[in-house]
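Along the sequence shown, residues are numbered consecutively beginning with 1. Computed over heavy atoms, backbone and side chain alike; hydrogens, waters and symmetry mates excluded. What you see is a predicted model; the values in this text were computed from it and never measured. Start at 1 and go down the list; that is how both ligands and their atoms are numbered.
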Amino acid sequence: MQKKSRELLAILQDNEFHSGEEIGRQLKVTRAAVWKMIQTLQQTGFLITAISRRGYRLEQSFEFLSQQKILECLSDNLRKQIKLLEIFDVIDSTNTYLLQQIHNYATIPRVCIAEMQTEGRGRHNRKWYSPYAQNIYLSLLWRLPSHQISSHVIPLITALSIVEVIETLNLPGIIQLKWPNDVYFSGKKIAGVLVEMTMESNSHAQVIIGIGLNVNMRNTTDEINSWTSLYKILKKDLNRNSLIAALLERCIANLEVYQVKGFGYFQKKWHRYDLFLGKKVQLQCHDLMINGISHGVDHEGRLVIGTRKKKNSMFSVGEIL
Ligand code: BTN
């Protein structure tokens, strides 16, 4: 997003009419250039009306990501605990950025958020659609003793934390979890988790927990037609700053519980939302294709599949197709 477009959005943020002339004067560009920028914002998904002789008006409540607002919503404890919270306007990927910062131990736990990602990454080398100022693209750098973790469990804990946050919004429908890391709402994907980690001298592991949550996105491209956003469900814009604070609270609280109690503590809760519990599944695990009935997850977060040949098999990696 160009700097001028951000400035334009800042002008329109008050939901009042602003003439092309007035905007042009403030941004030091021509009226034609203003019109072009308005069109770009509209294409991005912003609802802006243009009325001759009155100008342009943003028809939705909108707030930029703000460090101060996020910190204000955090508990005192977490505010003190988080060493660094950075917000970027545009970044390639918040996960990639934190991967580059992984050895900066003094600043862990550390959070990186962006208005837009140009190379947002999903699991299995997929792209994560990251349009400007609509959704949440958040990565948390966390460090924990390696004997306390099973890497495959962190995505499950994170997906559950997202569910706990969006549950508080009283959505009219069913929130579901698709093992290991997808959050669905009434059959459409609303959030995903990408966890990356490095081990260090057998004692500690640095974990980067990337969360993509579709918040105020109105338009979805064909590519992501099977997706939804909180706006699409609730028909209203939500405040991303307070949602980010809530996500951080839940994730960090759950990671701490997990470190003490293990995944067993979350098993029942997972089953409450499990999209495939008791259903036929096809799991792709490396080159293998496993068909069977899903029996949910075991106390270590592994997917349990009952196949014809063997009663139950457990999987800690793979993708349900
Ligand atoms: C998936 O469902 O495949 C996981 C998507 C994870 C997307 C988030 S957005 C913030 C962080 N940065 C990235 O590049 N990816 C994750």
Which ligand 1 atoms does Leu138 reach within 4.0 Å, using its non-hydrogen atoms?
10 (C)
Would you mind listing which atoms of ligand 1 come within a distance below 4.0 Å of any non-hydrogen atom of Asp182?
2 (O)
Would you mind running through ligand 1 and noting each atom that sits below 4.0 Å from a heavy atom of Ser93?
12 (N), 13 (C), 14 (O)
Can you tell which part of Val193 has a heavy atom less than 4.0 Å from ligand 1: side chain, backbone, both or neither?
backbone
In Å and rounded to the nearest 0.5 Å, what is the CD1 to CD1 distance from Ile190 to Ile233?
3.5 Å
Trace of the salt bridge (Lys or Arg N to Asp or Glu O under 4.0 Å) decision for Arg240 with Glu115:
CA-CA 10 Å; Arg240 291 174 302 152; Glu115 292 284 11; 2.9 Å; yes
Under 4.0 Å to a heavy atom of Gly122 - the qualifying atoms of ligand 1, by number
1 (C), 3 (O), 4 (C), 5 (C)
Here the atoms of ligand 1 under 4.0 Å from any heavy atom belonging to Ser139 are 11 (C)
shortest atom 3 (O) of ligand 1-to-protein heavy-atom contact is with Arg123 N, 2.6 Å
Distance alone, cut at 3.5 Å: any donor-acceptor contact between the side chains of Tyr231 and Gln60?
no
Tell me the closest heavy-atom pair linking Leu303 and Ser294, and the distance in Å.
CD1-OG, 3.9 Å
Enumerate the atoms of ligand 1 whose separation from the nearest heavy atom of Gly120 is less than 4.0 angstrom.
14 (O)
Starting from the C-alpha separation in whole Å, work towards a yes-or-no answer on side-chain contact (heavy atoms from CB on, under 4.5 Å) for Thr118 and Ile91.
CA-CA 6 Å; Thr118 52; Ile91 199 168; over 6 Å; no
In this structure, which one of Ile48, Leu41, Thr40 forms a side-chain contact (heavy atoms from CB on, under 4.5 Å) with Leu8?
Leu41
Among Leu238, Ile162, Leu138, side-chain contact (heavy atoms from CB on, under 4.5 Å) partner for Leu243
Leu238
Sorted by chain and residue number, the side chain to side chain contact (heavy atoms under 4.5 Å, CB included) partners of Ile11 (sequence neighbours excluded) come out as His18, Ile23, Gln26, Leu27
Which is closest to atom 2 (O) of ligand 1 by heavy-atom distance: Glu196, Lys189, Lys178?
Lys189
Heavy atoms only: which of Trp128, Tyr97, Tyr137 is nearest to atom 5 (C) of ligand 1?
Trp128
Which option wins on minimum heavy-atom distance to atom 12 (N) of ligand 1: Glu119, Arg121, Gln117?
Gln117
Note: His124, heavy atoms under 4.0 Å from ligand 1, region reported as neither
At less than 4.0 angstrom from any non-hydrogen atom of Thr94, what atoms of ligand 1 do you find?
10 (C), 11 (C), 12 (N)
Under the side chain to side chain donor-acceptor pair (under 3.5 Å) rule, collect the residues that match up with Ser66, sequence neighbours excluded.
none
